[in-house]
Amino acid sequence: TIIMKNAIDFLIDISDKMDKKLTITQTILQNEIIPYLNFDENIGMRTFLSVVKNPIVINSLDMGLNTKSDFMQKAGSLPFPNGGSPIGYTIKESLKSLRNVDADCKRIVLVTAGEETDGGNYEYEIEHGHEGVQVNIIGIGINESDKKIAALGQEILQKRRSKTINYRSG
């Protein structure tokens with residue numbers, strides 16, 4: 001039996017665009033994503049924003065063996081959204097750090113309101129810098145209905161292909 005090692009880097013947008021979406025983001029993470037994670041694998045969480053177009057990426061939980069309790073606590077205490085959204089820069093930094101992680105399957109899960117504000121190009125970063133890293137994007141409040149949260153939250157971590165999922169409140 002071959003045992004595959006996995007690594008997941010969660011990137012959580014805490015820009016102005018997420019202002020009215022913080023509660024639904026926390027609900028999605030705590031109820032629809034975290035319960036399905038395998039905490040015997042490498043999992044990390046970063047939050048990101050920018051101030052006057054200067055990107056700030058905060059390692060909320062360093063990549064490694066974290067506990068479900070640690071992850072739930074960090075998801076429940078996300079900082080109040082403020083600033084720009086340097087999505088391209090954050091994807092690029094995540095891809096760089098994943099190069100140093102020993103895992104057979106590497107994944108980035110980007111949670112965002114979907115707008116790059118700092119001139120980056122996250123589509124380019126995903127296409128040209130991925131080196132086999134699967135990228136999933138969870139869009140908050142972009143196009144879809146809340147009714148899909150349960151089914152889609154589970155699906156994003158069970159499928160082995162990249163995709164975009166949109167959640168919308170109200």
Going from [atom1] on [X] to [atom2] on [Y], what distance comes out if it is rounded to the nearest 0.5 angstrom?
X      : Y      : atom1 : atom2 : value
Gln73  : Ser60  : CD    : OG    : 9.5 Å
Lys21  : Thr112 : NZ    : OG1   : 8.5 Å
Gln30  : Lys68  : CD    : NZ    : 10.5 Å
Glu116 : Glu125 : CD    : CD    : 9.5 Å
Met63  : Ser94  : CE    : OG    : 6.5 Å
Met18  : Ile24  : CE    : CD1   : 9.5 Å

Polar side-chain atom of [X] near backbone of [Y] as donor-acceptor pair, under 3.5 Å:
X      : Y      : value
Asp118 : Gly120 : no
Asn66  : Asp62  : yes
Ser85  : Thr117 : no
Lys106 : Leu98  : yes
Thr90  : Pro86  : yes
Asp13  : Ser15  : yes

Hey, does [Y] have a side-chain heavy atom less than 4.5 Å from the side chain of [X]?
X      : Y      : answer
Lys5   : Asp102 : yes
Thr25  : Leu78  : yes
Ile33  : Phe71  : no
Leu110 : Ile91  : yes
Val133 : Ile108 : yes
Leu65  : Ile43  : no

Correct closest heavy-atom pair for Ala75 and Ile34 would be CB-CD1, 3.8 Å
Least distance between heavy atoms, Pro81 atom then Leu22 atom: CD-CD2, 3.9 Å
Are [X] and [Y] linked, directly or through other ILVMFWY residues, by side chains that come within less than 4.5 angstrom of each other?
X     : Y      : result
Leu37 : Ile12  : yes
Leu11 : Ile58  : no
Ile14 : Ile87  : no
Leu49 : Val111 : no

Test side-chain contact (heavy atoms from CB on, under 4.5 Å) on Ile28 and Ile140; report intermediate values, then the result. CA-CA 10 Å; Ile28 291 165; Ile140 305 295; 3.5 Å; yes
Set out, in order, the CA-CA distance, both residues' side-chain angles and the distance that settles side-chain contact (heavy atoms from CB on, under 4.5 Å) for Val109 and Phe10, then state yes or no. CA-CA 5 Å; Val109 177; Phe10 281 85; 3.7 Å; yes
Using 4.0 Å as the upper bound for N to carboxylate O, is an ion pair formed by Asp9 and Arg46? yes
Apply side-chain contact (heavy atoms from CB on, under 4.5 Å) to residues Arg107 and Asn136 and explain how you reach the verdict. CA-CA 8 Å; Arg107 182 179 309 188; Asn136 298 115; 3.2 Å; yes
Would a line drawn from the ring center of Phe48 to the ring center of Tyr89 be shorter than 6.0 Å?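 No, they do not, as the ring centres are separated by 6.0 Å or more.
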Please evaluate residues Val51 and Ile56 with respect to the criterion side-chain contact (heavy atoms from CB on, under 4.5 Å), reporting the C-alpha separation (whole Å), side-chain torsions for both, the decisive distance (0.1 Å), and the verdict. CA-CA 8 Å; Val51 177; Ile56 301 169; 3.8 Å; yes
